[in-house]
Amino acid sequence: ARKHDVRPQLVVSSSAVRARETLAGVLPGLGEPEVWTEIALYGASAEVLLGRVRALPDEAKEAMLVGHNPGLADLLLLLAEPSDLRDRAEAKFPTGALATLEADIASWSELEPGGAHLVDFVVPRELK
């Protein structure tokens with residue numbers, strides 16, 4: 001994560017063992033984020049995840065979700081405007097992939113479908 005300069009102030013993770021193990025593996029490279037573990041992220045749909053993101057505190061300008069497919073991949077496709085990188089993510093979104101989106105919004109509550117730009121998409125083999 002250090003190489004890709006991912007520095008969220010807040011990480012919201014599924015409470016599932018696998019999600020927590022994944023987070024434990026990348027947490028040292030994320031700086032010092034606050035971490036929230038939430039049962040509701042397990043098996044959540046893109047729409048549920050979007051609702052969760054819209055409820056994030058605006059003090060956190062950068063946030064990370066650690067969860068499960070197909071929900072996270074569907075959320076990425078819901079939020080990201082069309083691009084070659086989005087097409088790549090749609091073709092294959094493996095376990096452990098890291099997608100970075102940016103949105104020009106003043107509040108998380110303003111986040112809309114198609115309202116974000118996918119700026120980076122990294123699969124696990126590229127993180128080695």
Side-chain angles (χ1 to χ4, degrees):
R2 208 171 294 120
K3 176 179 151 199
H4 295 277
D5 198 30
V6 176
R7 298 284 185 196
Q9 287 117 2
L10 174 63
V11 176
V12 182
S13 175
S14 164
S15 60
V17 171
R18 190 161 179 190
R20 287 184 288 138
E21 289 173 349
T22 297
L23 177 57
V26 298
L27 197 56
L30 298 179
E32 302 275 329
E34 187 170 347
V35 177
W36 297 352
T37 303
E38 299 183 0
I39 294 169
L41 265 61
Y42 186 80
S45 68
E47 291 74 18
V48 169
L49 292 171
L50 176 58
R52 181 63 194 94
V53 171
R54 285 179 173 157
L56 290 172
D58 290 328
E59 298 78 39
K61 300 298 181 200
E62 295 185 27
M64 173 185 273
L65 291 183
V66 180
H68 312 275
N69 279 336
L72 279 180
D74 291 345
L75 178 65
L76 167 91
L77 297 175
L78 179 67
L79 291 175
E81 63 190 10
S83 69
D84 290 345
L85 198 54
R86 183 189 184 280
D87 291 346
R88 186 177 145 227
E90 185 172 18
K92 184 162 176 67
F93 194 107
T95 298
L98 174 66
T100 305
L101 295 110
E102 291 181 351
D104 186 16
I105 53 175
S107 170
W108 289 106
S109 63
E110 299 173 9
L111 191 58
E112 294 292 335
H117 178 67
L118 181 58
V119 295
D120 199 9
F121 179 69
V122 184
V123 296
R125 62 181 158 72
E126 297 170 337
L127 291 172
K128 302 282 185 230

**Q** Please say which of Val17, Thr22, Leu23 ends up in a side-chain contact (heavy atoms from CB on, under 4.5 Å) with Arg20.
**A**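 Looking at Val17, Thr22, Leu23, the match for Arg20 under the side-chain contact (heavy atoms from CB on, under 4.5 Å) is Val17.
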**Q** Examine Leu41 and Trp36 and state if one hydrophobic cluster contains both, with Ile, Leu, Val, Met, Phe, Trp and Tyr joined whenever side-chain heavy atoms are less than 4.5 Å apart.
**A**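 Leu41 and Trp36: one cluster.
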**Q** CG of Leu27 to CD of Glu32: how many Å apart, nearest 0.5 Å?
**A**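 Spacing of CG (Leu27) from CD (Glu32) equals 8.5 Å.
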**Q** Any chance you could measure Leu10, atom CG, to Leu65, atom CG, to the nearest 0.5 Å?
**A**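 Answer rounded to 0.5 Å: 8.5 Å.
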**Q** Between Ala44 and Ala40, which heavy-atom pair has the shortest distance, and what is it?
**A**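 Distance-wise, the nearest heavy atoms are CB-O, 3.5 Å.
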**Q** Taking Lys61 for the side chain and Asp58 for the main chain, is one N or O donor matched with an acceptor at less than 3.5 Å?
**A**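 Side chain of Lys61 to backbone of Asp58: a pair is present.
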**Q** If you look at every heavy atom in Pro33 and Pro8, which pair is closest and at what distance?
**A**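 Heavy atoms of Pro33 and Pro8 come nearest at CB-O, 3.2 Å.
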**Q** Please find the pair of heavy atoms, one from Pro28 and one from Ala24, that lie closest to each other, and give the distance.
**A**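 Where Pro28 meets Ala24 most closely, the heavy atoms are CD-O, 3.4 Å.
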**Q** Drop me the distance from Leu101's CG to Phe121's CZ, to the nearest 0.5 angstrom.
**A**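 Reported value, rounded in 0.5 Å steps: 10.5 Å.
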**Q** Closer than 3.5 angstrom, by distance alone: can the side chain of Arg7 be matched with the main-chain N or O of Gly29 as a donor-acceptor pair?
**A**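 Side chain of Arg7 to backbone of Gly29, a donor-acceptor pair under 3.5 Å: yes, one is there.
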**Q** Counting C-beta onward and ignoring hydrogens, is there a side-chain heavy-atom pair between Arg88 and Val123 closer than 4.5 Å?
**A**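 Contact flag for Arg88/Val123 side chains = yes.
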**Q** Going by heavy atoms in the side chains, are Glu112 and Ile105 under 4.5 Å from each other?
**A**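 SC-SC contact between Glu112 and Ile105 ruled out.
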**Q** Would you give me the side-chain donor-acceptor pairs under 3.5 Å for residues 67-82, sequence neighbours excluded?
**A**
from	atom 1	to	atom 2	distance (Å)
His68	NE2	Ser14	OG	2.7
Asn69	OD1	Ala73	N	3.0
Asn69	ND2	Phe93	O	3.0
Glu81	OE2	His117	ND1	2.7

**Q** Could you walk me through whether Met64 and Leu98 satisfy the side-chain contact (heavy atoms from CB on, under 4.5 Å) test, starting with their C-alpha distance in whole Å, then the side-chain angles of each, then the deciding distance to 0.1 Å, before giving a yes or no?
**A** CA-CA 9 Å; Met64 173 185 273; Leu98 174 66; 3.8 Å; yes
**Q** With distance as the sole test, does Ser83 use its side chain to make a donor-acceptor pair with the main-chain N or O of Arg86 at under 3.5 Å?
**A**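 Side chain of Ser83 to backbone of Arg86: a pair is present.
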